[in-house]
Q: 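One structure is given below, represented as structure tokens, and several questions about it will come after.
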Number of protein chains: 2
Amino acid sequence: MSRLPTVHDVALAAGVSRQTVSNVLNAPDIVRPDTRERVREAIERLGYRPHASARRLRTQKSSTIGIRLDPMVDGISGSILDRFLHALTEQADAVGLRILLFTATSPEDEIRQFGRLIDGSDVDAFVLTSTFHGDPRTEWLIEHAQRFVTFGRPWGIDDMNDPRHPWVDVDGRAGVRDATESLLRRGLQRIGFVGWPGGSGTGDERRGGWVDAMQAAGLGEDLDRLQEAGVDTVAAGRDATSRLAARVPDLEAVVAASDSLALGAVVREQAALPVVGFDNTPVSAAMGFSSVDQRLGEVAEGVLALLEGAPDAPRHRLVTPELVIRSSHPPAVPDEP
Amino acid sequence: MSRLPTVHDVALAAGVSRQTVSNVLNAPDIVRPDTRERVREAIERLGYRPHASARRLRTQKSSTIGIRLDPMVDGISGSILDRFLHALTEQADAVGLRILLFTATSPEDEIRQFGRLIDGSDVDAFVLTSTFHGDPRTEWLIEHAQRFVTFGRPWGIDDMNDPRHPWVDVDGRAGVRDATESLLRRGLQRIGFVGWPGGSGTGDERRGGWVDAMQAAGLGEDLDRLQEAGVDTVAAGRDATSRLAARVPDLEAVVAASDSLALGAVVREQAALPVVGFDNTPVSAAMGFSSVDQRLGEVAEGVLALLEGAPDAPRHRLVTPELVIRSSHPPAVPDEP
DNA sequence: CTGACTCATTTGATCGTTCAAATTCGTGTA
DNA sequence: TACACGAATTTGAACGATCAAATGAGTCAG
């Protein structure tokens, strides 16, 4: 197999100079249409591909996004990152960006990795997942003037609108509100909520969606009695649902903060009650219960847009999730016209 | 922030030439110990990191492994790739290799991507997952003299020992045999198997492990009656278990070819029977049933070893999985001394 | 017909590293 | 003393692309 063709070879073949070839690739509009076509034809004919490393050396941009591959989280929801990664990879590819993976054992270690990757000019932007209150990583990145976007909003008081911290998040509140309203619209009223213990921003938001919908429906009385909480495992979901069902014998449905909790509810209830989960994981599909889908494609799109984005463009984006209705959902009531 | 230091800066600081700095990094043994130390000190002091792209341009090696990120598979088992990826990333990093992700919509598309990545000198080796009978991808890679390793053995007749096709796989047969023997050792005898429909190499191997163990225990009579099959979903697992239980009322345990099928069995049986799955996914942990762990760390290690491996080293590796026993397993019988 | 101006294209230099060949230095041998 | 030899180090060139500045070809007003 002979040497791969370079800009030089293409230039020779098309009877133009190196730079013109380069321009056809990077700034087509400044090249006269007929030359452009001739060069394109030569590129095609020779099967030329720009050498990524050479380009990166010259431009001093790696066009690569670093993302930490989390150690498998406990719950079933681990696959969200997986799907997000898939969407991100696909869309990044379309705009000429690559995804470089790395691992870390702690936030501090992750910061160490940031340094390594930046110093080696391996990446020129980061995507962070699973942000938490007082996250040292974002602070470090801001301090060191690195490009990044977080999937997950910052949970500090004022951080949400800090223009130095771009973020994309899913509007969990709206998602759970939708799910609850969907059940209300079908005539159910005693709708319980199984969530996470208070204090996690994400969890509180999701609970808030349920509260919103119940109150709007004039069912704001009994909300304390109708909710239970547990850590994000199937067992906790099952137990929480048990407690709830014991306290509210005429419970009509359960909305859960995650598919893990929802699966616990489903296992416990043996499909006697409609259950709605959150994340639309393969498990919800497999078990046939409804779930709120995070629309990770849109999240990925938002992340890339913010990474590229002009400084004056909005610095964050809230994606509205979508309720996916499955067989265990109660049948729809004919809509009012 | 000022410009990052280069070999030149380090050379100046240490009072040597560029090349000596380069040698300290790439061939330390040809540099005199005291010079070496002086250069190392300068590197440390300046915080120098070699520029990855420059190095790759010069050496014409990308030190990057391409791996396709599968579109989320249906079942729960999607997380295997996830965990494999994690192990691979971690270990690759340790030997100076990077992992580059890409996506593809079909094997043909994947082959197109191979071409793209090779032509752009983005990667110099591939890791393939989910190999299947008559896989066109491996053929293409062999044809085009590309370095690669598959996770999953080739299923063609003679391919297994083809030295041009290096592979690492998990010995599913041994895993299921172990699982079955573990139940036999605890005194159970009527152990059913819920597998995939015949014809998939992996599935047939796993079934084989169950057959092996049963026959070795002198229970080879009724094997046809004791097995059922279904596609790899929770629902299929539930239904297959139902059929099995209907036919074999005194069924004592179920061994399944996957955690998806196993979950179906668990849901159906409500923990009345011990169930053993395969893959040790988070779901098995969450639901508390035993499962066979693929030891993805060892698989990753094997993959990297084969990628680097000398041509005369063994061209494939079979990893023995490990049974993870959980609460739903029957209590151990005191071992014979 | 000249000069100013624009648009398209070319030329030389450069990014940071490593390869290959050249140089320097110390040491042992005839 | 001279010479060869090997080890340690240095020097010039190259990898393949893009940047910045220079050149060439038209076009139009004066």
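All figures in this text were calculated on a predicted structure; none of them were measured in a lab. Below, chain A is the first sequence line, B the second, and so on; all start at residue 1.
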Q: Roughly how many Å is it from NE2 in A:H51 to P in C:dC15, rounded to a whole number?
A: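 These atoms are roughly 19 Å apart.
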Q: Measure the distance from CG on B:D122 to P on D:dG16 and round it to the nearest whole Å.
A: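 The answer, rounded to whole Å, is 14 Å.
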Q: Distance check needed: D:dC15 C1' versus A:R18 CZ, whole Å only.
A: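 Atom CZ in A:R18 sits about 14 Å away from atom C1' in D:dC15.
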Q: Parallel under 30°, tilted from 30 to 60°, perpendicular over 60°: which one fits the rings of B:F102 and B:F126?
A: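 Ring orientation of B:F102 relative to B:F126: perpendicular.
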Q: Counting just side-chain N and O atoms, does B:T20 come under 4.0 Å of either OP1 or OP2 of D:dT10?
A: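 True: B:T20 side-chain N/O within range (under 4.0 Å) of D:dT10 OP1/OP2.
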Q: Hey, is CZ on A:R45 packed in by over 12 heavy atoms from elsewhere, all under 6.0 Å?
A: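 Yes - once you tally the heavy atoms of other residues, nucleotides and ligands closer than 6.0 Å, there are more than 12.
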Q: Output yes when B:D109 and B:R68 qualify as a salt bridge under the 4.0 Å nitrogen-oxygen rule, no when they do not.
A: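 Salt bridge absent between B:D109 and B:R68.
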Q: I'd like to check A:S130 versus A:F151 (side-chain heavy atoms, cut-off strictly below 4.5 Å). Are they in contact?
A: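 A:S130 does not reach A:F151 side chain to side chain.
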Q: Nearest whole Å is fine: how far is C:dT11 P from A:H8 NE2?
A: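 From A:H8 NE2 to C:dT11 P: 11 Å.
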Q: Between C:dT17 and B:R58, counting only base atoms on the nucleotide and side-chain atoms on the residue, is there a donor-acceptor pair under 3.5 Å?
A: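 Not at all, since no donor on one side and acceptor on the other fall under 3.5 Å apart.
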Q: Please report the distance, rounded to the nearest Å, between CZ in B:R56 and P in D:dG16.
A: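 Rounding to the nearest Å, CZ of B:R56 and P of D:dG16 are 16 Å apart.
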Q: Can you see if the side chain of A:S17 gets near the phosphate of C:dT10 - specifically, an N or O under 4.0 Å from OP1 or OP2?
A: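 For C:dT10, OP1/OP2 do have a side-chain N/O of A:S17 under 4.0 Å.
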Q: Step by step, work out the side chain to side chain donor-acceptor pair (under 3.5 Å) result for A:Q294 and A:D279.
A: CA-CA 6 Å; A:Q294 301 218 35; A:D279 282 349; 2.7 Å; yes
Q: Salt bridge check: are B:R147 and B:E308 linked by an N-O gap of less than 4.0 Å?
A: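 Yes.
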Q: Take B:R137 and B:D135 through the test salt bridge (Lys or Arg N to Asp or Glu O under 4.0 Å) and record every step on the way to the result.
A: CA-CA 5 Å; B:R137 302 174 301 167; B:D135 199 325; 2.7 Å; yes
Q: Measuring centre to centre across the rings, with the benzene-like ring taken for any Trp, is B:H144 within less than 6.0 Å of B:F114?
A: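 Centroid distance B:H144-B:F114: not below 6.0 Å, so no.
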Q: Once you round it to whole Å, what is the distance between P of D:dT11 and CG of B:L12?
A: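 After rounding, the gap between these two atoms is 12 Å.
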Q: From CD of B:Q60 over to C1' of D:dG16, roughly how many Å is that when rounded to an integer?
A: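 B:Q60 atom CD is separated from D:dG16 atom C1' by 8 Å.
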Q: At what angle, to 10 degrees, do the two end axes of the helix from C:dC1-D:dG30 to C:dA30-D:dT1 meet, given five pairs define each axis?
A: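 Computed angle between terminal axes is 70°.
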Q: Less than 4.0 angstrom from a charged side-chain N to a carboxylate O is my criterion; do B:D122 and B:R56 meet it?
A: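 The answer is no: the pair does not qualify as a salt bridge.
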Q: For DNA chain D, what residues of residues 22-44 of chain A have any heavy atom nearer than 4.0 Å?
A: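 DNA chain D contact set from residues 22-44 of chain A: A:S22, A:N26.
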Q: Nearest-Å distance, CD (B:Q19) to C1' (C:dC19)?
A: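 In whole Å, C:dC19 C1' and B:Q19 CD are 7 Å from each other.
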